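Only one structure is covered here, and it is reproduced in the block below.
As a basis for the values below, the full set of heavy atoms in this structure was taken, side chains included, without hydrogen atoms, waters or symmetry mates. Chain letters run A, B, ... following the sequence lines, proteins first, then strands; residues in each count from 1. All of these numbers come straight from a predicted model, not from anything done at the bench.
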Amino acid sequence: MPKYAKFAALIAIIIGSLVLVATASLKDSQTYYVTIPELHKMASATSTKRVRVGGDVQANSIVHVRPDLTRFNLVQDNLILPVEYVGRDPLPDTFKDGAQALAGGRLESNGVFRAEEIQAKCASKYAPKPGMAPDGLQKKMVPSAAGSSYTSKL
Amino acid sequence: MENVGALALLLAFCISLYAIVASVTGRLKRKPFLTLSAERAVLAVWLLVTTASGILIYGLLTSDYRLAYVASHTNRDMTLYFKFAAWWGGQEGSLLFWSWLLSTYAAVVVFTTRRGHRNLLPWVVAIVSTVQLFFLTLNTFVVSPFQVLAVDKVVTSVADGMGLNPLLQYWAMVIHPPFLYLGYVGFTIPFAFAMASLIEKAPGESWIHTTRRWTLVTWLFQSTGVALGSAWAYHVLGWGGYWMWDPVENASVLPWLAGTAFLHSVMMQEKKGMMKVWNMVLISATFFLCIYGTFLTRSGIISSVHAFAESPIGKFFVVFLAVGIAATIWLILDRLDYLKSEAELESVISRESSFLFNNLILLASCFAVLWGTLFPVITEKLTNEKISLDAVWFNRLMVPIGIFLLLLTGVGPLFAWRRTSVDSLRKNFQWPGIGTLIVAAALLLGGMRYPYSIISLSLCFFVAATISMEFFRGARAISEKTHIGFVPAIIELTHRNTRRYGGYLVHMGIVLMFIGYSGHPFNQTAIGEVDKGDSIQVGAYNLKVLDLTEGDTPNYEWETAILDVSKNGKPIGTLEPTRRFYKAAQQATAIVALRTGLNEDLYINYAARTGTKATIQAYVFPLVDWIWIGVLVLIMGTLVALVPSKVARSYARTEVVGVAKKKDAPVEA
């Protein structure tokens, strides 16, 4: 076998098997991102599909039922999605009232979302909302340029 | 004060622009004073960015809550060094930090190469200044760190700031971002030298020799940065994981993979004059992946637990990346004739070939991680459905890739250049090979049933054996010849060729890390809602709750469980997992109780309190400490490789075109 054919064959085998592994496991490890309205619309179809749904955690809705069961509501555009978290990992520390959360799991036939994983982002931390002061100050504050006109608005 | 800071940044922006123009015109028109002025401009930029950073740091340390950045990233009760760390704790500050590091690197380059490389330096200055200009654009015009809070145009301050995210108030988190940034920023320098030598069609591999230490130091920072992030996740997040293929973690490992491939493939160019185009591509890819990583963490295009706010800077990055990549591709294509290879591959079983496959695999894994990370973006564009791939997908792909790389780590250095004879194969591989099979059989008979763990652990043995053999043979030869003891002989051996034996030590570090990874399938978990007097059983450990206590400090409130721990009935002391609630940030965080051991860690997380009962999660993580030990060995090995070899060593080359005479001298071990 010529030298370069050997190299080509080896490279083809390696790349081929990697592509094979990558595509074969594509099906069962993919998760669809949906919004709460979308989830309601495709209610019946999604029960078999793994999805990740995002929203804000409704204030005072978090109830720790058992160590392995936490109930809470996700809200988006006044639509409420009841969620049951049954995952093994502890809930992230950033998960609290008002936080943005992503719940990964399946929608049950009773309309409750059964989540196996929760990701949460503390909304206030990295992203002070435009025009809002840090905690506790109700007055509307606008960050302005430091005496210079070239600094853009936050 | 903040006006001075903003002004300094604006000036730095103008001077960077001047440096680019002066450097390029100076070189093209052959006006040395102009290029010299560009070099001075680089130093001026450093001074200005340092001034701006100093002013921001002063604001952070003195809690100047008129500044929006200070108010949203610190609070009064924070310790001083966390206030300092807030410099890189948020978007605006971290971009300023980037600029400052780059200007520092640039100043060091100008200083250290002031006598040599007169033809390359102007281009290096121009390229580095272009990158600097981009970041200063962001700092000055888009996300200024010097914005003040105001009501109706009257500057106002708030009583107290919002505080740094408590999850980040941890030592590893304080130094993790600087290390990653040092790595990200540092690759600008070898990239600039590579492009400069392309533009000038500089003969030989001088850019590789000049930037070898830069690349290695940068790689070291990056490895340490990634490892610190991993260690932080393990010790702070409370679920005991060290890697979850989160987009931002991926962003940090992408340039690392490309950089590792580059470190290996430059050896091919130095020794054989091969893979010249490839090296150009690799260093460019590494640099752009660094920029891309910064972009990914800042733009919010992919949802991640780490992501900073969605912000307007995303499109700036996209433009910069697009223009930069296009220019680089054009330059490489235009100079292809200059990058001709001087030798050919001769055999599949050769050192060259092992480098080739090492590069292939590293690049494939890099591509796979990139693909997996961007999958939601791609599918959204193609099908309007945002689909993400989870850790399962990454693990299925990356675990075999990792194991194959581990195998190459073992066999590669033992193959001879050009081709390997059957005799030398037998000599090098017979005993390690037999030993490996015995280890695998022993693990199987010992009841281990996870194929990946068995393969990984036996390969770890194989690589460790081959590396030890290399040290042993070399040291024995020296000790026979010079009649010194065996241990001094090992030191002497390493000192004679620090690059080679330091590299072996790095490989040894990788082996130890793989031992740590192999323990993952054997993790054990228990979760319990407990009251005083209850107990939890996890693995061989029994945890009895002695007391549940709570308290208060100005910065946070805390709850603690005091646990009496026994292993197989023998008492081994108490552990106190804690949960803190930080008042300023209104957020809770766990202080995990950890009992570390070389065989396994006992890891206890205080998850929540409901009524009088506490929820406790207990884990046993076998072998996990070997990951951290491996990282330390890897750092040590890299440091050894940075020490100059005792014998000045240049490589023998078959055909060399236009290289200075002294480099032709064939000195070879």
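For B:Glu529, the parts sitting under 4.5 Å from any heavy atom of chain A are the backbone and the side chain alike. Proximity to chain A (any heavy atom under 4.5 Å) is shown, for B:Ile616, by neither the backbone nor the side chain. Residue B:Phe394 does not touch chain A at all, counting heavy-atom pairs closer than 4.5 Å. Interface remark: A:Ile14 contributes side-chain atoms only to the contact with chain B (heavy atom separation under 4.5 Å). Only the side chain of B:Arg579 comes within contact range of chain A, with heavy atoms under 4.5 Å apart. With a 4.5 angstrom heavy-atom cutoff, B:Ile401 touches chain A only via side-chain atoms. Only the side chain of B:Phe404 comes within contact range of chain A, with heavy atoms under 4.5 Å apart. For B:Thr615, the part lying near chain A is the side chain, with the backbone staying farther off; criterion is any non-hydrogen pair under 4.5 Å. For chain A, the nearby part of B:Leu360 is the side chain; its heavy atoms alone come within less than 4.5 Å. Only the side chain of A:Ile15 comes within contact range of chain B, with at least one heavy atom under 4.5 Å from a heavy atom of that chain.
Minimum interatomic distance between B:Ala364 and A:Leu18 (heavy atoms only, all atoms of both residues): CB-CD1, 3.8 Å. What you find for A:Phe7 and B:Ser347 is that their closest heavy atoms are CZ-O, 3.4 Å.
For B:Arg580, there are no salt bridge (Lys or Arg N to Asp or Glu O under 4.0 Å) partners at least two apart in sequence or on another chain.
Note on B:Asn605, B:Ile361, B:Leu389: by heavy-atom pairs under 4.5 Å with chain A, the leading option is B:Leu389. Among the candidates B:Ile527, B:Thr589, B:Val392, the residue making the largest number of heavy-atom pairs closer than 4.5 Å to chain A is B:Thr589.
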